[in-house]
Amino acid sequence: MRTFIALELGESLTDALELLLSRLSRMAPQARWVRPDSLHLTLAFLGEVSDALVPGVGDAVGRVAQLHPPHRLEIGGSGTFGPIESPRVLWLGVSGALDALHGLQQGLTRELAPLGLSPDHPQFTPHITLARSKAPRGERGLTRCADALSGVALGELWVREVVLFASHTGKDGMRYRPVVSHPLQSGEQAR
Ligand code: 2AM
């Protein structure tokens, strides 16, 4: 099963993004845009995990979640991966309680290591991918989109739970299915 651990964006952010994406996508119609209800913030991409290991991964996510308190992020601004004039990926930025977010991400990395899983990215750059270039050489329109998004504040994201997702390729692009979600530390546990 192809898996990753991520945060969901919630209804109000998703609604705000739906409107924004419908406008932005006209500036780069050739790109592959993420469906609004599939947008997420990836904490760890695990890749292929055997079915037998999935419950253990879910439990590990739960143990880490319990140790980290809820925190508030702000979503806005933009960035790109790949050459600036022809990016491969357009993403939305994340600010706010980044220390708490990094702590959560590092906790997951530590807890997953004994299971033989190490996230496929040496450095964690929090972001929410909006669109990817279909062309290997990148997509010029994504630079225009990044410019249009700079300085745009979309609202807050309260991090209250962590989700283990499975992904598969559907007829109309990637589809993500929550396998299990775990709440972060509650007030009771914090005492
Ligand atoms: P992205 O947002 O940077 O594209 C599900 O596929 C999620 O896992 C995506 O959000 C994607 O991050 C991330 N992902 C997919 N393949 C990856 C890889 N090889 N390394 C790191 N992250 C990956």
Side-chain angles (χ1 to χ4, degrees), residues 1-10 13-14 17-18 20-21 24-25 28 30-51 53-54 57-58 60-61 64-65 73-84 86-95 98 101-102 104-113 115-139 141-143 145-146 149 154 157 159 161-182:
M1 195 186 287
R2 191 171 183 269
T3 59
F4 64 101
I5 301 166
L7 306 175
E8 289 180 315
L9 302 193
L13 258 181
T14 303
L17 279 163
E18 185 156 17
L20 184 74
L21 290 192
L24 273 181
S25 57
Q30 315 294 347
R32 188 175 291 114
W33 289 82
V34 180
R35 295 153 41 100
D37 61 1
S38 292
L39 292 164
H40 58 270
L41 194 167
T42 303
L43 295 172
F45 176 74
L46 306 178
E48 285 297 329
V49 170
S50 70
D51 287 358
L53 198 55
V54 170
V57 174
V61 172
V64 176
L73 302 175
E74 282 145 38
I75 307 303
S78 64
T80 57
F81 293 142
I84 187 71
S86 184
R88 281 188 295 274
V89 175
L90 168 73
W91 46 266
L92 263 185
V94 181
S95 58
L98 290 180
L101 184 69
H102 279 271
L104 176 60
Q105 197 272 344
Q106 283 159 12
L108 289 165
T109 303
R110 268 196 301 274
E111 196 71 20
L112 292 167
L115 300 175
L117 298 171
S118 53
D120 196 3
H121 36 83
Q123 206 197 322
F124 174 53
T125 307
H127 66 277
I128 298 164
T129 294
L130 297 179
R132 299 177 178 87
S133 161
K134 284 183 198 159
R137 65 180 180 285
E139 169 66 51
L142 294 180
T143 306
C145 296
L149 275 173
L154 278 150
L157 168 60
V159 183
E161 62 174 23
V162 187
V163 184
L164 174 66
F165 281 95
S167 79
H168 64 271
T169 317
K171 277 194 293 273
D172 50 353
M174 294 308 288
R175 289 297 186 140
Y176 307 127
R177 174 177 64 82
V179 176
V180 64
S181 60
H182 288 286

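For ligands, and for the atoms within them, numbers begin at 1 and follow the listed sequence. Residue numbers run from 1 in the order of the sequence given.
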Inset, instruction - Look up atom CD in Gln106 and atom CD in Glu111, then write down how far apart they are to the nearest 0.5 Å. - result: 14.0 Å

Inset, instruction - With heavy atoms under 4.0 Å as the rule, classify the contact between Arg132 and ligand 1 as side chain, backbone, both or neither. - result: side chain

Inset, instruction - Taking Ser133 for its side chain and Ala135 for its backbone only, find out whether a donor-acceptor pair lies under 3.5 Å. - result: yes

Legend entry - Plane angle bin for His102 and Phe124 - parallel if under 30°, tilted between 30 and 60°, otherwise perpendicular: perpendicular

Legend entry - Partners passing side chain to side chain contact (heavy atoms under 4.5 Å, CB included) against Ala6 (at least two apart in sequence or in another chain): Phe4, His40, Phe165

Inset, instruction - Provide, to 0.1 Å, the distance between atom 21 (C) of ligand 1 and the closest protein heavy atom, together with that atom's residue and name. - result: His121 CD2, 3.5 Å

Legend entry - Contact (N/O only, under 3.5 Å) between Ser167 and ligand 1: no

Legend entry - Heavy-atom gap His40 to ligand 1 smaller than 4.0 Å: yes

Inset, instruction - Give the residue and atom name of whichever protein heavy atom lies nearest to atom 19 (N) of ligand 1, and the separation in Å to one decimal. - result: Asp120 OD2, 3.1 Å

Inset, instruction - Could you tell me the residue and atom name of the protein heavy atom closest to atom 3 (O) of ligand 1, and the distance to it rounded to 0.1 Å? - result: His127 NE2, 2.7 Å

Legend entry - Ligand-residue contact atoms, ligand 1 with Thr129, heavy atoms, under 4.0 Å: 1 (P), 2 (O), 3 (O), 4 (O)

Inset, instruction - List the closest protein heavy-atom neighbour of atom 7 (C) of ligand 1: residue, atom name, distance to the nearest 0.1 Å. - result: Thr42 OG1, 3.4 Å

Inset, instruction - Calculate, to the nearest 0.5 Å, the distance between atoms CG and OG1 belonging to Leu90 and Thr80 respectively. - result: 7.5 Å

Inset, instruction - With rounding to the nearest 0.5 Å, note down the distance linking CD1 in Ile75 to CG in Leu92. - result: 7.0 Å

Inset, instruction - Just need the protein heavy atom nearest to atom 13 (C) of ligand 1, so name the residue and atom and give the distance. - result: Phe45 CD1, 3.8 Å

Legend entry - Nearest-neighbour protein heavy atom for atom 6 (O) of ligand 1, which is reported as residue plus atom name and distance: Arg2 NH1, 3.7 Å

Legend entry - Any residue meeting side chain to side chain contact (heavy atoms under 4.5 Å, CB included) with Arg175, in chain and number order, not counting sequence neighbours: Arg35, His168, Asp172

